[in-house]
There are 2 protein chains.
Amino acid sequence: MSNDVPTTPEASTAYGSYVTADDVARAAGVSRWTVNRAFRKDASISAKAREKVMQAAADLGYIPDLRAAGLASARSVSARSNLVALLIDDFANPHKLVMLEHLTRALRQGGWDILLVNTLDTDDTAPALRHASQRRVDATILIGIQFSDEILDQVHQGGRQPKLIVFARTSQVEGVISIAVDDQAATRCIAEYVTRKGFRRPFYLAGPRTFSAHLLRKETFMEYWGQTHGHTPETAWIGAYDSQKAESLIRESLRGRAAEALPDVIVCENDALALGAIDAIRHDLKLRVPEDIAVIGFDDVPQAAGANYRLTTYRQPLAEMAAYLVEVLEAQEPMQSRMFLGELVARETA
Amino acid sequence: MSNDVPTTPEASTAYGSYVTADDVARAAGVSRWTVNRAFRKDASISAKAREKVMQAAADLGYIPDLRAAGLASARSVSARSNLVALLIDDFANPHKLVMLEHLTRALRQGGWDILLVNTLDTDDTAPALRHASQRRVDATILIGIQFSDEILDQVHQGGRQPKLIVFARTSQVEGVISIAVDDQAATRCIAEYVTRKGFRRPFYLAGPRTFSAHLLRKETFMEYWGQTHGHTPETAWIGAYDSQKAESLIRESLRGRAAEALPDVIVCENDALALGAIDAIRHDLKLRVPEDIAVIGFDDVPQAAGANYRLTTYRQPLAEMAAYLVEVLEAQEPMQSRMFLGELVARETA
DNA sequence: TTGTAAGCGTTATCAG
DNA sequence: CTGATAACGCTTACAA
């Protein structure tokens, strides 16, 4: 229990165990605390001592143990593990990849590590959260996830509360910080564009809406159209943001219709649905986009810009959103939810 | 330093700190070690005691601290953190999402947690690896990543070696376990299909090839074609697996050519490239697939099955590969690299 | 079946 | 600027 040289000096460098700060201290001829200080930017340490330590550390291949560091600093109020859990539940939507790119980049540059968790189904969200807690994450980020509000209760039980952040989705739930695009403003922007372009029979294609933390896009569009045109558009929804499901739904619901019974534009809750809708129009219904039926998406996934689709869609400011996420993590005091404004990217499908 | 009741009994339940096993022990009227036993499946503990503990734990919201657990069991030979680092470097390829789905699912079901790391560029691989070591991961998984062999040296320095696994890519490097499809067998399968279908002027579209850990597909195809047809096909490569880059490359290299100077099939190193190639053929060159130019991909991404592409491609057995990955992680003794056989999915583009 | 002692590798805090 | 003490929350070993 002392800091003396252990009885077997080479024990800690034996195979199967990591080099410790004590090993480095011994090699550098200083104390363990000096080793520690050498590894912190703010430390009060002489340049000579630091260099000696760093040299010894490099020679031995010393890698600090963040588990021990976290444990030891746990009692400090401002203690942080610099680890966040990222919960994800839908891999069919290509936009998830774009989000992951932004998130992983921003978080890593901000010095945050990510525990990636696939919440296998909605019932799994609570267990996943609890599991992440075992690693003492500072925050849990739900990325465009379908979750029921009750999972919050599960979490609120514990002593310390990791921050709970919903990314790319709004939530009114108390204690949840939501970082998302302003769905209502975005949808109004889309609806105005649809109106301005002279479309008269829109069809709204929505995704799953099981829980309160869902997109407000469909409701906003319906309301806007009802108010400005006096009738509510035709609508349909799909159980998952999946292009092929969207394709078959559009195929089945539009085929065999007379031209005047067809919508003139399909407004989609996101690009995953929009791409499927375009495929259905072209390949199943043998019609043209946008001449026969126009299509609008949401997200601006990479394929939307490709030669095949040239999709008119709404782009979320993901870089800004990710930057704000890091701000939220960094903050000591409680932070606010924030909504962002994106922009309509007008291409050729509408 | 004793296990007595602390001087301030409520201290550990104060805001900002987690409930500890001691708190639970006190509430349940047992010792801390009984609490520990209650949480392990194999423990020798009376049903009554276990129930009492679990009840108290649930009441207090006790969540074990895996950092402390890992630290405490570090000296045991079979000690595991049950944490693996997953390094990823390319978010343009939609196949990454499919891989992530399989990997996150298999690992979570096997009880493994994932530290997701975006290696921002190739130079960042080594720092990323070292960073992951700080969390004492049991293994590092490189998922289809571009890495230089020298990064291995960086890692081999330390005392304990986390397993180094390359997923969906072969590597001959000593000490690296590679779990991948047999690129040579797969490519031969594709080449035979191309031959059988009567194509005579294939064009091979390859991705980046900077390091030794790359796909052997192009080389294998070239060799096969040279041997069976006496000449090597035209070829080109792109700096990233990016559909839009593929589209512009095909556009630029084929436009203006006379019909007889055009290839009759474009064989692509993966689907990301193939989808771009199809877009170029249809929208830039105004030709038909497969009548004018056929296309073959690799991976079978979700869009490949969609109505728009109906891409002929080669599917990797990702579920099997992920299952083997878990086996490798679980194993005590050193494990072998393994190659898997996939299957050609013949659709309509070739 | 249960309890005790010792220690994992680090950091907060204070003494020199 | 550097060193020492006492934790952090848990587990391994062993004793009762």
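Protein chains get the first letters and strands the later ones, always in sequence-line order, with residue 1 at the start of each. This structure is a prediction, so every number in the text was calculated from the model and none was measured.
Between A/Arg67 atom CZ and C/dG7 atom P the separation is 19 Å, expressed in whole Å. Between the CZ atom of A/Arg50 and the C1' atom of D/dC1 there is a distance of 12 Å, rounded to whole Å. Note: CZ (B/Arg136) to C1' (D/dC10) measures 17 Å, nearest angstrom. Counting to the nearest Å, the P atom of C/dT2 and the CZ atom of B/Phe39 are 15 Å from each other. In this entry the distance linking CZ of A/Arg26 with P of D/dG3 reads 14 Å, nearest Å. Distance, A/Asp22 CG to C/dG7 C1': 12 Å, rounded to whole Å. D/dC8 atom C1' lies 13 Å from atom CG of B/Asp23, rounded to whole Å. In this structure, B/Asp65 atom CG and D/dG9 atom C1' are separated by 6 Å, rounded to whole Å.
Regarding contacts with the backbone of C/dT10, a side-chain N or O of A/Tyr62 is found under 4.0 angstrom from either OP1 or OP2. Side-chain N/O atoms of B/Ser73 include none lying less than 4.0 angstrom from OP1 or OP2 on D/dT11.
Taking only side-chain atoms of B/Ser31, from C-beta outward, the nucleotide of C/dT10, C/dG3, D/dT2 with the closest atom is C/dG3. When distances are taken from the side chain of B/Asn36 to each of C/dT11, D/dT11, D/dG3, the shortest belongs to D/dT11. The listed nucleotides are D/dG9, C/dG9, D/dT2; the one nearest the side chain of A/Thr20 is C/dG9.
The structure places NZ of B/Lys163 at 10.5 Å from CD1 of B/Ile141, a figure rounded to the nearest 0.5 Å. Taking CG of A/Asp138 as the reference point, atom CG of A/Asp113 lies at 10.5 Å (rounded to 0.5 Å).
When each of A/Ala68 and B/Val30 is assigned the nucleotide of DNA chain C with its nearest heavy atom, B/Val30 is the one assigned upstream, toward the 5' end. Heavy-atom distances to DNA chain C give each of B/Leu71 and B/Thr34 a nearest nucleotide, and the one nearer the 5′ end belongs to B/Thr34.
Below the 3.5 angstrom threshold, one finds no donor paired with an acceptor across the side chain of B/Trp33 and the base of C/dT1. Counting atom types as modelled, A/Arg32 pairs a side-chain N or O with a base atom of C/dT10 as donor and acceptor under 3.5 Å. In terms of polar N and O atoms assigned as donor or acceptor, the side chain of B/Arg37 comes within less than 3.5 Å of the base of C/dG3 in a complementary pairing.
No donor-acceptor distance shorter than 3.5 angstrom exists from the side chain of A/Arg338 to the backbone of A/Ile179, with no hydrogens or angles considered. The main-chain N or O of B/Arg169 is found under 3.5 Å from a side-chain atom of B/Ser178 such that the two form a donor-acceptor pair.
Residues satisfying the side chain to side chain contact (heavy atoms under 4.5 Å, CB included) test with A/Asn82, not counting sequence neighbours, are A/Arg80, A/Trp112, B/Arg135.
Within 6.0 Å of CD in B/Glu51 there are 12 or fewer heavy atoms belonging to other residues, nucleotides or ligands.
Sorted by first and then second residue, the salt bridge (charged side-chain N to carboxylate O under 4.0 Å, His left out) pairs with a member in residues 97-111 of chain A read A/Glu101-A/Arg105, A/Arg108-B/Asp124; sequence neighbours excluded.
Between A/Val117 and B/Thr104, every side-chain heavy-atom pair lies at or beyond the 4.5 Å cut-off.
Five base pairs at each end of the helix from C/dT1-D/dA16 to C/dG16-D/dC1 define two local axes, and these are offset by 30° (rounded to 10°).
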